[in-house]
Amino acid sequence: MNATSAESPPPAKPPLWQIVPTADYERPTDSQPATLQRRWRALGRLLLGDDKGEAAPARAEADLRALPQLRLANLVPPIDWAPAARALGAPDEDTHAPVRLFIGQPYCDHAATLAHWACTHDAVVLTPPDSAQILAADQRWLDDLAPAKGHPWVLPELERCFLRHASGLELLRGFLARALSGALGPGLIGCDSWALAFIERIWPLPGTPRLTLQAFDGPALTRYLMQANRGHVRFLSARSGKPLLPERPADGKADATAAEESTCPELRQLAAHCRGNPGLAWHYWRQRLRAAPEHQPQEQAEEAPHDPPAGADRERLAAADEVVWVAPGIETPTLPAESGEDVAFLLHALLLHRGLDAEALGALLPIPDARMHSHLLRLRALTLLEHDGARWQVAPLAYPTVREFLRSRSYLTDGF
């Protein structure tokens, strides 16, 4: 090896936010040693009892307390989807097709990503029809669509343009016919992954570039959480007591090499459990954060010097001493054993449409209204569903359970 090659810099790490063709999506998997280790611990608990199967946790979860919502919002701010929008690139990058399709994974806000993209590229944002227009096949919505000369267009939510009903597909077919033929000019369509799985059954999309956000593996998730950590907070594992995130550099930038080398097994497992979905991982991470009992900071304060530091020194010390504990796991909602086809129909409809209001559910499902409302309220009480004031949706922490429930019953699922 010559001197020049020996001194060549290492290859650059890939950017955190990558938009890739769906064929290049690489879902992370849990490492085999970690999987075997967990199985071995489970076997030890079974054979030796809970008190001998593994070491006592550094912090018993019963001794920790939940964080207030305001503190959680500061520790885990909402995901900024602007970097994903920048990774989408300019509108003229794919000149061989008039339209590109951006597929959003559940709980990854593809509408927000495309809103950022539209602002950056001065694109015209198309508003989807409402439920009444869809069921009435109101052609005026299609007639109002016209090419925006000199500007690309964006439809952020294709899943809002149809209802799975005999009368709910005509506007979707009409829109796709115009968009994919180039009649509307160059455009970008956002669509939820579950909705796309259904749409492809009624309108194949050959030749249309399909893009998505690349999966976050353990190192990528570590980099993201390092960047999101606004203060110098130490996140410690309640199981082992060890830090789960490496110390952030002084310049505040999360180094990709450091994240690769310092990724803990817990974050690799979280990335694998969430199938590389950063939006889902965000919810899981947020729900696992805990605080030590309130009396401990007081005890530490009593041990501190009587002359308190002033100004920036006091703020620095307070930030440096702040510890947030990460619970080893959270209780995942489970479906009742007696859940039947009514529940499956309901959950599948909610995922195919990325949420529905009660009126739309009544129009789509062969379930009497009283029974449907009973299911909705029961599933919400079991934390399997949530209601945002307008739509019913599958709760993020229940999504893996619901997805597996539908897959095991051979329901159509998404590709992620």
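Index from 1, following the sequence. Scope of the values below: all heavy atoms of this structure, side chains included, with no hydrogens, waters or symmetry mates.
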Answer with yes or no after comparing the ring centroid distance for Tyr284 and His273 against a 6.0 Å cut-off, counting only values under it.
yes
Is the count of non-hydrogen atoms from other residues, nucleotides or ligands lying under 6.0 Å from Glu359 atom CD greater than 12?
no
Donor on one side chain, acceptor on other, Thr212 and Gln105, under 3.5 Å:
yes
Do Arg27 side-chain atoms and Gly276 backbone N/O form a donor-acceptor pair below 3.5 Å?
no
Do Phe175 and Trp203 make the cut of ring centroids closer than 6.0 angstrom?
no
Return yes if some donor-acceptor pair links the side-chain N/O of Trp325 with the main-chain N/O of Gly241 below 3.5 Å, else return no.
no
Ignoring hydrogens and angles, state whether a donor on the side chain of Gln393 or His353 is under 3.5 Å from an acceptor on the partner side chain.
no
What class does the angle between the rings of Trp194 and His348 fall in, given that below 30° is parallel, 30 to 60° is tilted and above 60° is perpendicular?
perpendicular
Donor-acceptor pair, side chain of Ser339 and main chain of Leu335, under 3.5 angstrom
no
Leu196 and Asp414: CA distance, side-chain angles, deciding distance, side chain to side chain contact (heavy atoms under 4.5 Å, CB included) verdict:
CA-CA 8 Å; Leu196 181 69; Asp414 74 340; over 6 Å; no
How far apart are the C-alpha atoms of Phe216 and Trp282, what are their side-chain angles, what is the distance that settles it, and do they pass the ring-ring contact (aromatic ring centres under 6.0 Å, His included) test?
CA-CA 11 Å; Phe216 275 39; Trp282 181 91; over 10 Å; no
Does the side chain of Leu384 come within less than 4.5 Å of Arg380's, by heavy atoms?
no
Can a donor-acceptor pair be found, under 3.5 Å and without considering hydrogens, that links the side chain of Arg234 to the backbone of Val323?
no
Side-chain ion pair, Glu338 and Arg378, N-O less than 4.0 Å:
yes
Kindly determine whether His110 and Glu159 satisfy side chain to side chain contact (heavy atoms under 4.5 Å, CB included), including the steps that lead there.
CA-CA 11 Å; His110 57 278; Glu159 64 271 16; 2.9 Å; yes
Using 30° and 60° as the class boundaries, would you call the ring planes of Trp392 and His387 parallel, tilted or perpendicular?
tilted
Report the relative orientation of the aromatic rings in Tyr107 and Tyr399; use parallel for angles under 30°, tilted for 30 to 60°, perpendicular for over 60°.
perpendicular
What verdict does the side chain to side chain contact (heavy atoms under 4.5 Å, CB included) test give for Asp217 and Thr29, after you've listed the backbone C-alpha separation in whole Å, the side-chain angles of each residue and the deciding distance to 0.1 Å?
CA-CA 8 Å; Asp217 58 8; Thr29 57; over 6 Å; no
